[in-house]
Protein chains: 2
Amino acid sequence: MRPLFHPALEDIRPEAILHALSDPVRAAIFARISGAGCVEACTNVAALGDRVIPKSSLSSHFKVLREAGLIRCERHGVEMRNHSRCAEVEARFPGLLSAIMGAYARAKSSEAVSE
Amino acid sequence: MRPLFHPALEDIRPEAILHALSDPVRAAIFARISGAGCVEACTNVAALGDRVIPKSSLSSHFKVLREAGLIRCERHGVEMRNHSRCAEVEARFPGLLSAIMGAYARAKSSEAVSE
DNA sequence: TCCCATAGTTCCGAAATTCCGAACTATGGG
DNA sequence: CCCATAGTTCGGAATTTCGGAACTATGGGA
């Protein structure tokens, strides 16, 4: 199994990051990977919130995140380990990821009271 | 002509903002509106960079930006004036827009030297 | 008032993208 | 060698995007 493609830091594009994180499911996956010790397997996120996400969809979500340069994936035995590339992306686009994830957190907390 | 729909500040969703700005054309339009005195008409952006954008596409780009809560549009006579809602969005999602627009600026300047 | 020019929207078919079930592949354990 | 588990690929349906052509709205004349 050859290693998966990951864009070099300088090839990471803002539109790819925004597109990847404009899907709430992917944003939630990315939040988990970033938060929970930077390691996560695919089936562990199968149920996000209340919704069950089919694994073919999950697979493509991970691919989008990976190709956007947001995560780094490597195979360990039969499972996949996904690491956030937060620190790298932060170096190239300062403040971007924290602002985006902060915005989601803010929206989530405000919908809890108003809606 | 009844006024166009604009989401209230508290109804603005991060995914809508990210989706709207994940398109480089829309991001460029938004950058212009934000930069150039916060006023811009539709046909004035018909040529962005080298590409000529058909006005039906422009119309829908403006609609996406408006419904995401990024701009405010009002008719003045025969033309449209578009104002950025930067300040409002900044209040709800601190740092988000400046990080995104900064990322685009950064990517643009780095592609000038490497690619 | 009527007509025209300009600015923008709507409609609709084509192209591209997303979704997800089913079949397939890869890896390790017994 | 076979099985179980993790993940990818395939393919068709649903959704979204693109853009040309027709349409609507507004204001400026004659």
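A, B, ... follow the sequence lines: proteins, then strands. Residue 1 opens every chain. Every value quoted in this text rests on a predicted model; they were computed, and no experiment measured them. Hydrogens, waters and symmetry mates play no part in the numbers below; they use all other heavy atoms, side chains included.
- What separates CD of B:E67 from P of D:dT17 is a distance of 11 Å, to the nearest Å.
- Rounded to whole Å, atom C1' of C:dT10 lies 14 Å from atom CG of B:L4.
- Using a 4.0 Å heavy-atom cutoff across all strands shown, B:H76 reaches no nucleic acid atom at all.
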Checklist entry - In B/S/- notation, 5' to 3', how is nucleotides 10-15 of chain D contacted by protein heavy atoms closer than 4.0 Å? => result ------
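- Residue whose closest nucleotide on DNA chain C sits further toward the 5' end, between A:S60 and A:G77: A:S60.
- Nucleotide C:dG28: paired with D:dC3 (Watson-Crick or G-U wobble, both distances less than 3.5 Å).
- Map A:R66 and B:V64 each onto its nearest nucleotide of DNA chain D; the residue landing nearer the 5' end is A:R66.
- Of the candidate nucleotides D:dG7, C:dT9, C:dC19, D:dG7 has the atom nearest to the side chain of A:S59.
- Residue B:L65 contributes atom CG, which lies 15 Å from atom C1' of C:dG8 at whole-angstrom precision.
- You'll find that the side chain of A:P54 is closest to C:dG21, out of C:dG21, D:dG7, D:dC18.
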Identify each donor-acceptor pair in which a side-chain atom of residues 89-101 of chain A lies under 3.5 Å from a protein atom, sequence neighbours left out, and give them as a table.
unit_1	atom_1	unit_2	atom_2	d
A:E90	OE1	A:G95	N	3.0
A:E90	OE2	A:G95	N	3.4
A:R92	NE	A:L9	O	3.1
A:R92	NE	A:I12	O	3.3
A:R92	NH1	B:S110	OG	3.4
A:R92	NH2	A:E10	O	3.3
A:R92	NH2	A:I12	O	3.1
A:S98	OG	A:G95	O	3.3

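- What separates NZ of B:K55 from P of D:dC23 is a distance of 14 Å, to the nearest Å.
- Among the nucleotides C:dT27, C:dG8, D:dG7, the one closest to any side-chain atom of A:V78 is C:dT27.
- A donor-acceptor pair shorter than 3.5 Å cannot be found between the side chains of B:R72 and B:H83.
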Item to check | side-chain contact (heavy atoms from CB on, under 4.5 Å) between A:R85 and A:I71, worked out | outcome: CA-CA 5 Å; A:R85 294 179 71 182; A:I71 63 176; 5.5 Å; no
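- Atom CE of B:M80 and atom C1' of C:dG8 are 7 Å apart (whole Å).
- A:H61 has its NE2 atom 19 Å from the P atom of D:dA6, to the nearest Å.
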Item to check | Working for side-chain contact (heavy atoms from CB on, under 4.5 Å), residues B:H61 and B:D23 | outcome: CA-CA 9 Å; B:H61 284 323; B:D23 180 322; 3.6 Å; yes
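- Considering only side-chain N and O atoms, B:S57 lies nowhere under 4.0 angstrom from the phosphate OP1 or OP2 of D:dC18.
- C:dA15 and D:dT16 make up a base pair, with Watson-Crick or G-U wobble contacts both under 3.5 Å.
- With rounding to the nearest 0.5 angstrom, the OG atom of A:S84 is 4.0 Å from the CZ atom of A:F30.
- Across the strands present, C:dA22 finds its partner in D:dT9; the criterion is a Watson-Crick or G-U wobble pair with both atom distances under 3.5 angstrom.
- For A:E79, counting side-chain heavy atoms from C-beta on, the closest listed nucleotide (D:dG7, C:dC20, D:dC18) is D:dG7.
- Put simply, CD1 on B:I33 and CG on B:N82 are 4.5 Å apart, with the number rounded to the nearest 0.5 Å.
- Rounded to an integer number of Å, the gap from CG of A:L58 to P of D:dT9 is 15 Å.
- As judged by a 4.0 angstrom heavy-atom cut-off over every strand, A:H19 is placed among residues touching the sugar-phosphate backbone only.
- When atom types are taken as modelled, the side chain of B:S109 and the backbone of B:R106 share a donor-acceptor pair closer than 3.5 angstrom.
- In the hydrophobic clustering of this structure, A:L21 does not group with B:V64; members are Ile, Leu, Val, Met, Phe, Trp, Tyr whose side-chain heavy atoms approach within less than 4.5 Å, directly or through other members.
- Considering only the side chain of A:R75, C:dA26 comes nearest among C:dA26, C:dA7, C:dC20.
- In this structure, A:F5 atom CZ and D:dT9 atom C1' are separated by 19 Å, rounded to whole Å.
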